[in-house]
Amino acid sequence: MRLSRYFLPVLKETPAEAQIASHRLMLRAGMIRQQAAGIYSWLPLGWKVLNRIETIVHEEQRRAGHLPMLMPTIQPADLWQESGRYDAYGPEMLRIRDRHDRDLLYGPTNEEMITDIFRTHVGSYRQLPMTLYHIQWKFRDEVRPRFGVMRGREFLMKDGYNFDLTKADALHAYNRHLVTYLRTYERMGLTAIPMRADSGPIGGDDTHEFLVLAETGESEVFYDADVADLRLGDRAIDYDDRAQCEAIRAEWTAPYARTDETHDEARFAEIPERRRRVGRGIEVGQIFYFGTKYSAAMGATVLDHDGNRVPVHMGSHGIGVSRLVGALIEAHHDDKGIRWPEGVTPFGAGIVNLRQGDAKADAASEGLYEKLVAAGVDPLYDDREERAGAKFATMDLIGLPWRITVGPRGLEKGVVELTSRATGESHELDPEAAVARLAEVYAGR
RNA sequence: CGGGGUGUGGCGCAGCCUGGUAGCGCGUCGGUUUUGGGUACCGAAGGUCGUCGGUUCGAAUCCGGCCGCCCCGACCA
């Protein structure tokens with residue numbers, strides 16, 4: 001993308017309403033625009049990041065055999081009356097009425113609807129196990145939206161639902177989801193720790209929340225330092241291997257890690273003092289096993305081996321996709337701006353032409369741009385006739401992981417400068433080597 | 001929902017107390033400057049002062065209602 005053709009309304013001054021770093025930076029980098037309390041437009045740069053996150057979530061879900069689909073944002077009220085949650089959910093649910101006076105609602109979640117779909121089309125244990133998911137906008141009419149997209153009223157969420165014949169099968173689905181979530185966050189450059197949680201209004205027995213450590217997090221967290229060091233890395237995972245999924249769950253849940261809701265001071269005290277950590281975290285996902293709560297209430301049953309009609313065991317699993325954009329920035333920024341991890345960056349690299357209008361510099365920059373596009377790096381080329389300082393400041397603000405600086409001084413020596421946003425380190429390379437380096441970084445993306 | 005703020009060009013703010021031609025900085029547009037970390041200069045466009053009503057010869061300014069937004073708390077992905 002050429003910056004001269006892009007829509008990137010960056011702000012030099014910080015809008016007054018933004019209190020935390022991610023909100024300020026998203027507004028300043030021209031990623032979002034607030035339309036009402038807790039409701040945002042996603043401008044091209046913000047949309048691109050959101051899309052990257054969505055793509056990673058899809059890839060990791062499908063890798064585990066989970067089936068993508070899409071349910072509507074607007075739901076009929078009668079499904080919720082059937083489950084009993086129409087009254088229970090309270091004023092957080094946005095209720096609407098259509099021209100025929102039919103009661104509708106903007107979905108805050110989809111358990112009822114997915115259960116309805118399942119019960120009308122699935123009747124045999126032979127079709128199990130099954131996990132369906134979608135990534136769709138939700139609305140919860142929060143009393144006090146805040147922190148930009150981290151606590152909006154409208155938000156994008158991945159929610160998935162597993163249907164299993166037995167509790168043991170459903171617990172495998174639970175473990176499998178835990179593994180997919182660990183991989184998903186790790187690919188985004190985040191350390192997200194699973195913590196035992198309260199089940200809240202969704203209800204259920206087994207549940208973990210995933211928290212990204214950040215000073216601005218809404219929850220107080222208590223954990224064993226060891227858990228923050230765990231990595232899946234590139235280990236091969238067979239999602240149908242129950243023992244492997246269970247072992248990974250055990251590996252991540254053995255060290256103590258809890259939020260203030262479930263914190264147990266006595267158990268915490270058993271951890272050696274040098275490994276005890278108290279901090280704050282942002283919740284970016286949650287997994288639940290809730291048994292037959294909805295299937296029994298809504299008649300989602302299958303025939304088992306013996307011909308008995310039994311309610312299916314279910315779980316639901318969510319990732320806050322739009323919230324992750326904020327959480328990522330909270331975890332990765334400095335005083336100049338955002339520092340995107342390579343996995344989620346909106347553009348792979350920036351090209352700064354220090355002498356736009358100069359024939360040699362333009363030709364070199366254009367050449368680099370074409371080659372990086374061809375190599376799949378998806379560069380952003382700053383081809384504006386602007387001051388160098390302004391160009392660098394823009395690049396620092398929007399936080400692309402790599403920057404190539406092209407200027408007359410370097411070109412006399414036949415080199416350009418490749419700079420890492422994360423470390424600030426620069427290297428002079430010939431242009432071909434810079435392209436090769438970045439092509440390697442983004443290979444397979 | 002309780003408490004505290006705030007609303008003036010796209011953004012950040014002053015003006016309000018003490019009523020009398022709506023201002024500053026940034027950004028934007030047109031020039032000059034050719035710049036190696038947000039240069040400088042000249043010129044220009046852009047505002048029903050949140051909204052409705054009241055007081056007044058006259059309201060951004062005083063009074064009242066309503067609405068929006070922000071912060072703290074309770075609540076929540």
**Message:** By the 4.0 Å heavy-atom rule, please label A/G318 as base, sugar-phosphate, or nothing.
**Reply:** nothing
A/E92 atom CD is separated from B/C76 atom C1', nearest whole Å, by 5 Å
A/I32 atom CD1 is separated from B/C11 atom P, nearest whole Å, by 14 Å
Partner of B/G68 under the Watson-Crick or G-U wobble criteria, both distances under 3.5 Å, comes out as B/U6
For residues 71-82 of chain A, the salt bridge (charged side-chain N to carboxylate O under 4.0 Å, His left out) pairs (sequence neighbours left out) are A/D78-A/R102, A/E82-A/R119
Taking the side chain as every heavy atom from C-beta outward, state whether A/E218 and A/R151 have any atom pair closer than 4.5 Å. yes
Contact check, residues 50-64 of chain A vs RNA chain B, heavy-atom distance under 4.0 Å, returns none
Across the strands shown, which category fits A/G389 at heavy-atom distances under 4.0 angstrom: base, sugar-phosphate, nothing? sugar-phosphate
Q) Would you call the rings of A/F118 and A/F163 parallel, tilted or perpendicular, where under 30° means parallel and over 60° means perpendicular? A) parallel
### Task
Evaluate whether the aromatic ring of A/F155 and the six-membered ring of the B/A77 base sit under 5.5 Å apart, centre to centre, with an inclination under 30°.
yes
Handout entry: Between B/U8 and B/G15 - C1' atom distance, rounded Å
Key = 9 Å
query: Is it the case that A/H317 and A/Y133 place a side-chain donor and acceptor less than 3.5 Å from each other?
result: no
Handout entry: A/N110 side chain vs A/M113 backbone, donor-acceptor pair below 3.5 Å
Key = no
Atom P, compared across B/C42 and B/U55: separation rounded to whole Å: 48 Å
Can you find a heavy atom in the side chain of A/F347 that is under 4.5 Å from one in the side chain of A/P379? no
Distance col, row A/S365:OG vs A/D383:CG, nearest 0.5 angstrom, shows 9.0 Å
- prompt: With sugar-phosphate meaning primed atoms plus P, OP1 and OP2, does A/G152 contact a base, only sugar-phosphate, or nothing at under 4.0 Å between heavy atoms?
  reply: base
Taking a pair to mean Watson-Crick or G-U wobble geometry with both distances below 3.5 Å, B/G46 pairs with none
Between protein and nucleotides 5-10 of chain B, what N or O pairs are separated by less than 3.5 Å?
none

Using atom P of each nucleotide, how far apart are B/C70 and B/C13 to the nearest Å? 15 Å
- Message: Has A/D362 got a side-chain atom pairing as donor or acceptor with A/G357's backbone, closer than 3.5 angstrom?
- Response: yes
Regarding the side chain of A/P408, the nearest nucleotide among B/C76, B/G36, B/A74 is B/G36
Pairs: protein N or O with nucleotides 70-72 of chain B N or O, under 3.5 Å:
residue : atom : partner : partner atom : Å
B/C70   : OP1  : A/Q34   : NE2          : 3.3
B/C70   : O3'  : A/E17   : O            : 3.4
B/C71   : OP2  : A/R144  : NH1          : 3.4
B/C72   : OP2  : A/R144  : NH1          : 3.3
B/C72   : OP2  : A/R144  : NH2          : 2.7

Using residues 411-419 of chain A as the side-chain source, report each donor-acceptor pair under 3.5 Å to any protein atom, sequence neighbours left out, with the distance given to one decimal.
residue : atom : partner : partner atom : Å
A/K413  : NZ   : A/E428  : OE1          : 3.1
A/T419  : OG1  : A/S426  : OG           : 2.7

By the Watson-Crick or G-U definition, both distances under 3.5 Å, B/U55 is matched with none
Tested for side chain to side chain contact (heavy atoms under 4.5 Å, CB included) against A/I319, the lone hit among A/L324, A/D159, A/I56 is A/L324
ring-ring contact (aromatic ring centres under 6.0 Å, His included) filter on A/F268, not counting sequence neighbours, yields A/F222, A/Y256, A/H263
Determine, stepwise, if the pair A/Q286 / A/T207 fulfils side chain to side chain donor-acceptor pair (under 3.5 Å).
CA-CA 7 Å; A/Q286 187 160 10; A/T207 177; 3.0 Å; yes
In short, salt bridge (charged side-chain N to carboxylate O under 4.0 Å, His left out) pairs touching residues 52-61 of chain A with sequence neighbours left out are A/E59-A/R187, A/E60-A/R63, A/E60-A/R183, A/E60-A/R187
Residue pairs passing the side-chain hydrogen bond (donor to acceptor under 3.5 Å, both in side chains) test with at least one member in residues 337-352 of chain A, sequence neighbours excluded, are A/E342-A/W402
To the nearest angstrom, the CG-P distance between A/N110 and B/A77 comes to 15 Å
query: Say you pick atom P in B/U56 and the same atom in B/U51; how far apart are they, in whole Å?
result: 23 Å
Heavy atoms only, 4.0 Å cut-off, all strands: where does A/G410 land among base, sugar-phosphate and nothing? base
*asked:* At less than 3.5 Å, do the side-chain atoms of A/R28 and the base atoms of B/G38 form a donor-acceptor pair?
replied: yes
task: Test salt bridge (charged side-chain N to carboxylate O under 4.0 Å, His left out) on A/R2 and A/E366 and set out the steps.
output: CA-CA 10 Å; A/R2 288 177 165 79; A/E366 284 289 330; 2.5 Å; yes
Within residues 183-191 of chain A, those residues having any heavy atom closer than 4.0 Å to RNA chain B are none
Worksheet item: Would you call A/E154 and A/K138 a salt bridge, using N to O less than 4.0 angstrom?
Response: no
Checking N1-N3 plus N6-O4 or O6-N4 for Watson-Crick, or N1-O2 and O6-N3 for wobble, each under 3.5 Å, the partner of B/C1 is B/G73
In numerical order, the residues of residues 344-361 of chain A whose heavy atoms come under 4.0 Å of RNA chain B are A/L354, A/R355
By ring-ring contact (aromatic ring centres under 6.0 Å, His included), A/F155 pairs with (sequence neighbours left out) none
Would you tabulate the nitrogen or oxygen pairs shorter than 3.5 Å linking the protein to nucleotides 27-32 of chain B?
residue : atom : partner : partner atom : Å
B/G27   : OP1  : A/K12   : NZ           : 3.1

Between A/H208 and A/F288, does the ring centroid distance fall short of 6.0 Å? no
Would you say that more than 12 heavy atoms from the other residues, nucleotides or ligands in this model lie under 6.0 Å from the CZ of A/R146, or not?
yes
Here the distance between atom P of B/G68 and atom CD1 of A/I39, to the nearest Å, is 12 Å
